[in-house]
Amino acid sequence: MSARKRPDNSGASGTSGASGSRGARRDSGAPDVPGGWLTRPPSAPHPGLVAAYLVLVVLGAVVGVAGTLVQGAWFPGGLLLALLGSAALFYGALRACGTQLGVASAAIGWLLAVVVLSFGRPEGDGVFAAGIGPLVFMLGGMVLAVMCATMSRSLQPGGRPGGLEG
């Protein structure tokens, strides 16, 4: 059997340009082709990014608790304030981390806090009152999280998406 040779599209000198070509190899030796990231071994996550995700989970829980209390106390202005705070958290997570996982981390903390506070006690006490306000807060917060997670990331002056990668 004879092995097929790939055509060299990198130019006469045999080196790839700064923008990279299809046949260029990265540091890991995997070809830079569509789906090539599937064959590369996973790299260790950046410690700063992991710390940012953990901080966003805690911050999401804090915003969820604060929003739950505010939306019930000052309806309808408190509901608007709670949704604006949630939107600011999710959008800030997207801009700070530059990844959808950053928004998901904040949304997980927010959702856990809101769901735990929505459970009533055996005595019948609960943080959420009956009515449309708590439903709008929970569904609106989830919609805001999905909207922020699906937003496109802006490019930095270097030509790559922003983030805490350093």
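Grouping Ile, Leu, Val, Met, Phe, Trp and Tyr residues whose side-chain heavy atoms lie under 4.5 Å apart, directly or via other members, places Met147 in a hydrophobic cluster with Val143.
With values rounded to the nearest 0.5 angstrom, Ile108 atom CD1 is found 8.5 Å from Leu111 atom CG. One finds the OH atom of Tyr53 at 4.5 Å from the CG atom of Leu101 (value rounded to the nearest 0.5 Å). Distance CG/Leu83 to CE/Met138: 11.5 Å, rounded to 0.5 Å. Atom CH2 of Trp110 sits about 15.5 Å away from atom OG of Ser105, to the nearest 0.5 Å. Taken to the nearest 0.5 Å, the SG atom of Cys97 stands 5.0 Å off from the CG atom of Leu56.
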*So Gln100 and Val103, side chain to side chain contact (heavy atoms under 4.5 Å, CB included) or not? Walk me through it.*
CA-CA 5 Å; Gln100 294 166 335; Val103 179; 5.6 Å; no
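Gly141 and Phe90 get closest at one heavy-atom pair: O-CE1, 3.4 Å. The minimum heavy-atom distance between Ala113 and Ala61, with the atom names listed, is CB-O, 3.5 Å. Residues Ala106 and Ala93 share a closest heavy-atom pair of CB-CB, 4.2 Å. Minimum interatomic distance between Ala87 and Leu144 (heavy atoms only, all atoms of both residues): CB-CD1, 3.9 Å. When every heavy atom of Gln71 is checked against every heavy atom of Ala82, the shortest pair comes out as CB-CB, 4.1 Å. Pairing each heavy atom of Leu89 with each of Val63, the nearest pair is CD2-CB, 4.0 Å.
Looking only at side-chain heavy atoms (C-beta outward), Leu54 and Val58 stay at 4.5 Å or farther from each other.
No chain of hydrophobic side-chain contacts below 4.5 Å, direct or via other Ile, Leu, Val, Met, Phe, Trp or Tyr residues, connects Leu80 to Leu139. Clustering ILVMFWY residues whenever any of their side-chain heavy atoms sit less than 4.5 angstrom apart, transitively, puts Val136 in a cluster other than the one holding Val70. Clustering ILVMFWY residues whenever any of their side-chain heavy atoms sit less than 4.5 angstrom apart, transitively, puts Phe137 in the very cluster that holds Leu135. A single hydrophobic cluster is seen to contain both Tyr91 and Met142, as judged by linkage of ILVMFWY side chains at heavy-atom distances under 4.5 Å, directly or through other members.
With sequence neighbours excluded, the residues satisfying side chain to side chain contact (heavy atoms under 4.5 Å, CB included) with Phe75 are Leu79, Ile132.
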